[in-house]
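Order of the sequence lines fixes the chain letters, A, B, ..., with proteins taken first and strands second; residue numbering starts at 1 for each chain.
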Amino acid sequence: MNRHLADPMIVDRADERYPAGVRRRLGSEAPSPLVLRGKESLLSEQLHAVFCSLHPPADLVLSAIDRAHQLSTRRCAVIGGFQSPVEKLILKIMLSQGHPVVICAAREITGMRLTKDWGDAIAEGR
Amino acid sequence: MKRLSTGEATCLRGLTTVLRTLADWKVTEDMSLNVSSDGHSPGVKIVAVRGITTLLFAGLTLQDDFPDFRKRREIYKRSRHDGGGHILIIVDAAQIRRVWIWERRRAGRLADYRESLEPESAEDLQRLLKVALDDLDGECDDWDSPAPAIHAMLERALRPVGQREGREFHRAASGEYLLDAIAGGSDPAGTWQVWRALTQIRLVDLSCGDGSWLLEAAATLETLYVGCLGRMAGCVLDSEKVLRSGSGRHRGFRDLLAQAGSGSACFDRHILERAILFNLHGVASRQLDAKVTQLRLTRALAATDDHLDTSSTRPELELRIVTNESMTSPRDGKSRATAPRRSELLAAARECDAAFSIVRDLQLGGRADANQLAGAYREIGKRRDSIVARYRREFAAGDGFAAAIEELYLHFPELLERSRSTIFREPR
């Protein structure tokens with residue numbers, strides 16, 4: 001049966017679908033199993049990490065928006081937790097621009113309800 | 001209009017930004033910039049142009065409309081300043097190189113200082129370019145201006161100051177001709193006029209990059225200011241020797257020297273501060289470039305004063321070194337010459353509104369630095385104004401004005417509330 005992209009997929013460390021980069025970096029410490037939802041091949045591509053403090057310098061907020069637009073024109077997907085307000089804004093920009101994103105949700109995702117933006121992005125393979 | 005190259009598009013957007021900024025700086029009365037090749041129009045004059053963007057704004061494309069080199073040179077000559085405060089606008093590096101070549105050639109023939117030293121034909125120019133560019137290639141890349149070129153352009157900007165005094169000058173190096181004029185003159189009135197002219201000069205770099213040109217300009221202006229003040233001190237000393245009474249003669253000079261802190265440790269800082277904070281302006285295409293330029297200028301100031309903080313830029317510099325609107329700045333080197341779609345403008349409005357909410361929350365949480373907050377609100381306000389202006393221009397004409405603004409308002413609730421009086425003014 002074909003798997004719907006939004007369906008959760010459990011990947012063991014030994015599985016060939018397990019992200020090679022994570023296995024290489026963390027070795028035996030690599031988390032197992034991983035629970036994925038969406039297009040798992042994104043994890044094998046080059047990723048651009050995004051971090052922003054909960055309380056960033058005020059004058060950098062706008063420049064974060066500009067940077068997000070610049071990133072959205074690059075080929076590599078963006079990865080992050082997208083927890084802080086600025087990170088959430090960056091995520092919104094990425095999704096609206098149709099840019100691929102990897103979200104590291106700091107919670108259990110098997111039964112997590114997806115927002116419309118997230119659901120549409122997963123359905124489109126982003 | 002011909003298709004713009006990336007550099008031209010950047011400079012044109014920079015010119016749009018600087019027009020608004022020029023109004024803020026009270027250089028022009030309104031948003032229009034009088035550009036004329038006949039030298040008779042009032043308002044801001046273009047002393048020397050580095051490229052074609054300025055003439056693009058005036059409806060001309062220099063390369064297309066004036067392919068003949070002689071005609072272009074004629075336009076450059078006629079766009080000279082002839083009085084009052086003036087602005088030198090730097091636009092394109094290619095023209096900087098040509099001026100540098102002309103000036104270098106002139107320096108090689110010190111006996112003959114007239115314009116006839118410039119290449120008299122396009123072929124002559126091409127030959128010079130071929131020879132000189134080989135030298136230049138080793139010194140800089142496309143976006144750098146070699147120091148001699150900066151000096152040459154500064155000389156062009158400052159030349160009217162010396163000419164106004166009717167003094168001859170003999171050197172092509174940076175500002176030295178003017179120093180000759182100042183040092184050689186015994187007339188206090190002449191020194192005073194030179195000082196006033198210096199304080200009125202505005203040097204605007206439309207694509208300032210990392211600020212190298214501005215730093216060089218600041219150093220040159222500092223030299224000229226110091227020369228002027230030195231002459232003033234000389235006049236004061238001479239009058240004291242003659243009158244032996246320390247009377248009120250040259251009171252203006254005394255006041256200026258006291259302000260500059262002559263004889264004190266802060267003299268150098270005051271002079272450089274005057275040059276940077278009064279005479280220079282820059283426009284960068286990227287915020288990173290603007291930040292780098294601001295920081296470099298701050299550090300130039302800090303070099304004269306150990307107590308100055310260099311960990312962040314001076315707030316005044318943020319008003320003088322500005323960036324283009326991000327929504328129109330080039331992305332990955334590709335310029336956006338087409339008008340934005342309505343959805344893009346509305347998305348930009350939502351993003352700007354979200355940024356405002358975040359900054360406001362930072363302020364309410366008491367975890368933001370006051371200077372950073374001021375800078376953030378200022379930038380957000382500029383972005384908001386830019387979006388509103390573009391929206392109004394593109395989509396809010398005529399009968400649809402009220403409905404269009406209402407639509408924008410829905411995407412912009414936080415910020416528009418603060419600017420309703422601006423938004424709901426009918427477009428001109």
Side-chain angles (χ1 to χ4, degrees), chain A residues 45-101 103 105-106 115-121 123-124 126, chain B residues 284-291 294 311-313 315 318 323-334 336 343-344 346-384 386-387:
Chain A
E45 298 174 6
Q46 188 180 10
L47 300 171
H48 196 112
V50 170
F51 296 98
C52 184
S53 162
L54 200 58
H55 306 287
D59 53 351
L60 293 185
V61 174
L62 265 187
S63 58
I65 294 176
D66 298 342
R67 187 71 180 145
H69 280 288
Q70 286 177 4
L71 282 176
S72 70
T73 63
R74 305 265 165 100
R75 286 180 184 243
C76 58
V78 168
I79 183 171
F82 303 107
Q83 298 284 340
S84 68
V86 174
E87 287 173 358
K88 285 179 180 168
L89 183 53
I90 292 174
L91 175 62
K92 195 178 275 190
I93 293 171
M94 290 295 155
L95 291 177
S96 68
Q97 298 285 329
H99 196 74
V101 178
I103 302 172
T115 64
K116 185 178 184 309
D117 289 344
W118 290 23
D120 292 344
E124 292 167 13
R126 295 189 285 113
Chain B
S285 59
R286 299 182 305 167
Q287 200 154 15
L288 177 63
D289 292 339
K291 288 288 183 192
Q294 289 164 8
S311 60
S312 59
T313 59
E318 292 171 12
T323 52
N324 290 321
E325 305 119 6
S326 71
M327 60 183 296
T328 57
S329 61
R331 298 179 187 176
D332 278 349
K334 290 183 174 44
R336 295 182 60 189
S343 58
E344 290 174 352
L346 295 179
R350 286 193 296 273
E351 289 163 15
C352 189
D353 202 62
F356 175 79
S357 294
I358 292 173
V359 171
R360 188 195 52 195
D361 290 344
L362 287 171
Q363 181 183 14
L364 292 175
R367 301 180 75 107
D369 176 75
N371 280 339
Q372 289 171 357
L373 274 175
Y377 282 131
R378 197 164 42 238
E379 286 302 313
I380 291 172
K382 283 183 192 171
R383 184 78 57 92
R384 169 207 64 203
S386 151
I387 293 170

Under the side chain to side chain donor-acceptor pair (under 3.5 Å) test, residues paired with Gln83(A) that sit two or more places apart: none
Straight-line distance of Leu60(A) CG to Glu379(B) CD, nearest 0.5 Å: 11.0 Å
Contacts of residues 85-93 of chain A with chain B (heavy atom under 4.5 Å): Pro85(A), Val86(A), Leu89(A), Ile93(A)
Partners passing salt bridge (charged side-chain N to carboxylate O under 4.0 Å, His left out) against Asp120(A) (at least two apart in sequence or in another chain): Lys116(A)
Under the ring-ring contact (aromatic ring centres under 6.0 Å, His included) test, residues paired with Phe51(A) that sit two or more places apart: none
Heavy-atom pair of closest approach, residues Leu62(A) and Arg383(B): CD2-NH1, 3.6 Å
Region of Leu362(B) that comes under 4.5 Å of a non-hydrogen atom in chain A: side chain
Minimum heavy-atom distance between Ala376(B) and Ala58(A), given as atom pair plus value: CB-O, 3.2 Å
